[in-house]
Amino acid sequence: MWQQRRDVQFSPQGIAKALQHNATHDEIAPALFSCLLCGACDVLCPEEIDITGMISALRKEALLQSSNATLKEAVKAHLAQATSDIRIEENTIVLAGEALRSTPATLNKVLTLLSCETSAALAIDDGDDIALALEAGIEISDHRLHAFLEPLQKVKRLYVSNVHLLKQLRHWLPATELFTIGHSLSQLNTLTSKLNKNDLYLIEARAYHLDHKKKVRHYSQLRHERGCHINLDLQCNAIPTAAGGLNAFEPQLDSAEQVRWILSGRNVQRIVAECAEDRRAMSQVSELPVLHIADLMEA
Ligand code: SF4
């Protein structure tokens with residue numbers, strides 16, 4: 001937010017100070033809804049405040065009290081269109097998300113690569129609408145939630161593209177093993193051995209900050225071994241592209257500007273993204289070849 005707005009209102013401190021001085025929800029709504037929920041501030045906060053949790057809770061209140069109902073109605077309409085899976089039989093399921101589903105060849109590679117002990121199957125209902133409602137702070141009906149969760153109750157292992165949804169699934173499905181797709185693929189040596197010093201490797205920012213200490217070690221090692229560029233800043237936080245989630249649905253920040261910022265000053269010949277939304281955003285701005293990490297399988 002700061003990189004694009006250069007305005008203290010668009011920062012966690014700005015939001016907190018505004019609330020302390022009795023700002024209304026309408027006044028802080030632009031900042032609340034510009035936040036990408038990337039989690040970079042969570043891992044830097046010296047008081048270990050759950051800032052993204054605070055912003056999510058404030059979004060709910062802001063929507064309840066706001067005079068502007070446009071976002072609420074748009075997300076609700078999206079929820080109403082969702083379909084559910086009738087049955088899921090497999091042990092390992094992938095909730096791929098729209099961007100990955102839109103590239104079937106890459107999706108097939110993802111399914112093959114994630115089929116270790118048992119074959120990984122694709123869920124028809126991957127909860128995109130629920131993820132969006134969670135991000136926007138909009139109530140999800142019990143009926144919709146039940147239709148989404150009920151078929152997943154017996155699944156042993158779940159790979160999820162949307163990290164905000166994954167965080168919530170930890171509470172909804174406590175017995176299920178949950179993984180993010182991009183980070184799981186980044187642990188496969190068959191893929192990462194194909195990275196080199198001319199590559200920019202794009203970490204999915206939300207997944208990275210979710211388990212920050214372990215991930216810093218993992219990606220530092222990857223950078224050290226392969227010599228590739230990575231979208232990390234000097235504090236070892238991943239710079240988000242702003243290409244997914246609520247910002248893709250109702251843009252508050254310019255994703256193309258984010259991408260140009262990430263690319264600026266780098267001398268690379270290829271871009272490899274962990275997340276399908278990031279790959280799409282990169283392809284729209286850069287003339288370099290842009291791959292999803294699963295595409296390294298055949299590179
Ligand atoms: S979650 Fe990301 S975009 Fe939101 S305030 Fe924190 S660092 Fe900024």
Side-chain angles (χ1 to χ4, degrees), residues 1-21 23 25-63 66 71 75 131-138 160-168 170 180 182-183 202-213 215-216 219 230-262 264 273-275 277-278 281:
M1 288 200 287
W2 174 256
Q3 195 275 330
Q4 293 210 3
R5 307 278 185 144
R6 304 284 160 174
D7 179 341
V8 75
Q9 286 182 57
F10 290 83
S11 70
Q13 293 97 327
I15 295 169
K17 286 277 174 215
L19 285 171
Q20 281 166 6
H21 291 87
H25 284 93
D26 272 348
E27 284 167 334
I28 58 168
L32 290 178
F33 289 97
S34 293
C35 170
L36 300 171
L37 298 177
C38 73
C41 52
D42 283 338
V43 297
L44 286 180
C45 177
E47 301 293 336
E48 299 189 0
I49 294 169
D50 173 14
I51 297 169
T52 48
M54 177 189 88
I55 288 177
S56 297
L58 286 167
R59 281 182 177 179
K60 262 190 199 166
E61 287 176 33
L63 277 183
S66 171
L71 177 66
V75 176
L132 192 64
L134 285 171
E135 275 196 45
I138 286 172
V160 187
S161 67
N162 188 300
V163 179
H164 205 64
L165 179 61
L166 179 140
K167 275 167 91 172
Q168 193 57 45
R170 285 180 173 174
T180 56
H183 179 66
L202 267 185
I203 304 171
E204 205 280 303
R206 288 177 175 181
Y208 175 83
H209 298 126
L210 193 59
D211 193 7
H212 189 240
K213 281 188 186 150
K215 306 263 173 78
V216 168
Y219 290 103
I230 296 189
N231 59 322
L232 292 174
D233 66 13
L234 289 173
Q235 291 172 305
C236 269
N237 280 337
I239 306 168
T241 65
L246 186 65
N247 198 58
F249 188 76
E250 188 80 11
Q252 304 292 322
L253 298 179
D254 183 350
S255 175
E257 189 183 326
Q258 279 296 104
V259 167
R260 282 191 284 273
W261 180 38
I262 292 170
S264 130
E274 278 186 354
C275 143
E277 284 88 353
D278 289 349

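Numbering of ligands and ligand atoms starts at 1, following listing order.
Here is the list of ligand 1 atoms found below 4.0 Å of a heavy atom in Thr52: 1 (S). If you number the atoms of ligand 1 from 1 as listed, the ones under 4.0 Å from a heavy atom of Pro12 come out as 5 (S). Close approach of ligand 1 to Met1 is summarised as follows: ligand atoms under 4.0 Å from at least one heavy atom of the residue are 5 (S). Annotation for ligand 1: atoms under 4.0 Å from non-hydrogen atoms of Gly39 are 1 (S), 2 (Fe).
Among the candidates Thr52, Ile51, Ile49, the single residue satisfying the side chain to side chain contact (heavy atoms under 4.5 Å, CB included) test with Pro12 is Ile51.
We find the CG-CD distance between Leu36 and Gln252 to be 10.0 Å, quoted to the nearest 0.5 Å. Between atom CG of residue Leu32 and atom CG of residue Leu19 there is a gap of 7.5 Å, rounded to the nearest 0.5 Å. If you take CD on Glu135 and CZ on Arg59, they are separated by 6.5 Å, rounding to the nearest 0.5 Å. Expressed to the nearest 0.5 Å, how far CE of Met1 lies from SG of Cys38 amounts to 8.5 Å.
Given atom 4 (Fe) of ligand 1, the protein heavy atom at minimum distance is Cys35 SG, 2.3 Å. The nearest protein atom to atom 3 (S) of ligand 1, hydrogens excluded, is given as Leu36 N, 3.4 Å; this is a heavy-atom distance. For atom 2 (Fe) of ligand 1, the closest non-hydrogen atom on the protein side is Cys38 SG, 2.4 Å.
Annotation for Glu48: atom CD does not count as buried by contact number, only 12 or fewer foreign heavy atoms lying within 6.0 Å.
Distances from atom 7 (S) of ligand 1 to the heavy atoms of Ala205, Pro240, Cys41 put Cys41 nearest.
Using 4.0 Å as the threshold, Ile51 has no heavy atom nearer than that to any atom of ligand 1.
The aromatic rings of His212 and Tyr208 stand perpendicular to each other, their planes meeting at an angle above 60°, with 30° marking the opposite boundary.
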